[in-house]
Amino acid sequence: MACTVPEPLSSLPPLRLLIAAPRGFCAGVDRAIQIVELALERFGAPVYVRHEIVHNRFVVERLRQMGAIFVEELDEVPDDRPVVFSAHGVPKSVPAAARDRSLSYVDATCPLVSKVHRQAERLIDEGRHILFIGHAGHPEVMGTFGQVPEGSMTLIETVEDVADLDLPDGNLAFLTQTTLSVDDTASIVEALKAKFPEIRVPRSEDICYATSNRQAAVKAIAAECERMLVIGAPNSSNSLRLAEVAERMSVPARLIERAEDIDWDWLGHPRTVGITAGASAPEVLVREVIDAISAHFDVREEIADHTPERMVFKLPRELVA
Ligand code: SF4
């Protein structure tokens with residue numbers, strides 16, 4: 001639907017922009033982008049990337065202009081070019097196929113996703129069946145399922161799925177996707193523990209620090225906001241969850257990719273608008289949205305710093321040696 005951009009309304013009170021922190025890039029996304037940039041430096045263009053390196057069109061387009069070619073499957077990669085695997089992780093069959101073809105590859109899987117992969121392997125070695133809490137079709141879920149033999153892991157998306165399970169208690173364990181809703185996952189875990197009292201509970205939460213912190217930061221500001229803008233891609237799981245968190249606190253929220261997606265009629269002229277960004281959305285897009293709003297309203301910016309983040313992941317040795 002086409003929306004009209006309002007003229008400046010100087011007679012109205014200033015619009016307060018409450019900017020959530022932390023927001024935007026996490027350590028895993030930062031590392032994955034650096035890996036593609038370093039691979040381009042090391043090998044020259046083109047470097048192939050299997051799947052969007054992170055779920056953000058702006059990031060993907062910038063890397064494409066630098067010489068990256070994005071493909072969905074390994075058989076689209078020529079024998080003589082390197083390939084990078086995305087931050088979401090890949091099934092074991094993918095690096096195996098790359099080795100079979102003697103392809104040069106760099107794995108940009110986030111270390112926190114790799115940690116879940118190793119946990120899954122250990123649980124299978126112990127003879128357990130894994131209940132995996134996640135979203136069907138998400139590349140991270142497909143990558144994690146691809147770490148274990150077929151049939152040894154069952155996907156759980158909702159509390160209702162738990163009720164439908166017909167499995168004996170005793171040798172079960174659960175793991176989760178890293179980018180889930182903290183609240184929804186807590187409900188599913190409670191349902192699992194109630195139905196399967198002997199289920200193996202992971203030692204620590206698999207929902208990653210970045211996902212948890214961004215959701216907590218939205219919760220911290222939502223009560224003061226009349227609208228919430230979430231900058232992120234429609235296929236970004238953690239961005240979608242941020243919009244849900246706001247909506248559940250009765251704050252109308254919109255997921256937008258860029259400033260041009262702002263629906264000015266929907267935004268209206270509230271006193272306070274919250275702004276956040278998913279883990280794959282660069283800060284430049286946050287600034288673009290703030291600038292677009294500032295061009296039309298008298299704006300007062302406030303950063304609501306919730307949990308400072310200092311996480312940094314090491315780069316693969318083959319690119320920094
Ligand atoms: Fe890693 Fe979490 Fe970032 Fe995903 S959102 S790349 S799991 S730190």
Side-chain angles (χ1 to χ4, degrees), residues 20-38 49-60 63 70 84-91 106-120 132-135 137-147 174-185 202-219 230-245 255 276-283 285-286 306-316 319:
R23 64 180 176 279
F25 275 9
C26 60
V29 162
D30 220 19
R31 174 179 180 270
I33 294 168
Q34 279 190 63
I35 286 174
V36 178
E37 290 169 350
L38 288 170
V49 182
R50 186 186 176 278
H51 195 67
E52 288 185 336
I53 186 75
V54 300
H55 285 155
N56 188 279
R57 270 201 303 183
F58 180 88
V59 171
V60 166
L63 293 171
F70 292 86
V84 176
F85 303 144
S86 82
H88 313 96
V90 289
V106 187
D107 190 353
T109 303
C110 175
L112 299 183
V113 174
S114 299
K115 190 184 99 185
V116 177
H117 291 179
R118 301 294 78 79
Q119 280 179 283
F132 189 77
I133 307 170
H135 296 295
H138 191 278
E140 181 185 329
V141 174
M142 295 194 271
T144 305
F145 269 71
Q147 305 303 310
F174 75 84
L175 294 173
T176 77
Q177 190 180 332
T178 57
T179 51
L180 298 179
S181 153
V182 172
D183 296 337
D184 286 351
T185 306
R203 256 180 309 188
S204 63
E205 184 57 79
D206 292 325
I207 296 178
C208 77
Y209 80 97
T211 298
S212 310
N213 286 352
R214 279 151 192 68
Q215 288 177 24
V218 167
K219 281 185 189 168
V230 179
I231 299 148
N235 58 344
S236 158
S237 173
N238 77 85
S239 304
L240 288 162
R241 305 292 84 79
L242 293 177
E244 278 173 13
V245 165
L255 182 64
T276 186
S280 43
E283 185 64 14
L285 298 183
V286 176
H306 182 70
T307 311
E309 288 180 349
R310 292 182 191 84
M311 185 79 82
V312 178
F313 295 134
K314 278 189 195 151
L315 289 160
L319 290 178

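Predicted, not measured: the structure shown is a model, and the values here were computed from it. Indexing begins at 1, ligand by ligand and atom by atom, following the structure's order. Scope of the values below: all heavy atoms of this structure, side chains included, with no hydrogens, waters or symmetry mates.
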Notebook entry, point to check: Nearest heavy-atom pair of T109 and G89: which atoms, and what distance?
Noted result: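 The pair with the smallest heavy-atom distance is OG1-CA, 3.3 Å.
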
Checklist line | Atom of R214, atom of A277 and distance for their closest heavy-atom approach | finding: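 Heavy atoms of R214 and A277 come nearest at CD-O, 4.1 Å.
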
Notebook entry, point to check: Would S181 and D183 count as having a side-chain donor-acceptor pair, cut-off 3.5 Å?
Noted result: no

If we ignore hydrogens and angles and just use 3.5 Å, is the side chain of [X] paired with the main-chain N or O of [Y] as donor and acceptor?
X: R31; Y: K314; answer: yes
X: Q215; Y: V182; answer: yes
X: E140; Y: T178; answer: yes

Next item on the list: Keeping waters out of it, list the protein N, O or S atoms under 2.8 Å from atom 2 (Fe) of ligand 1.
Entry: C208 SG

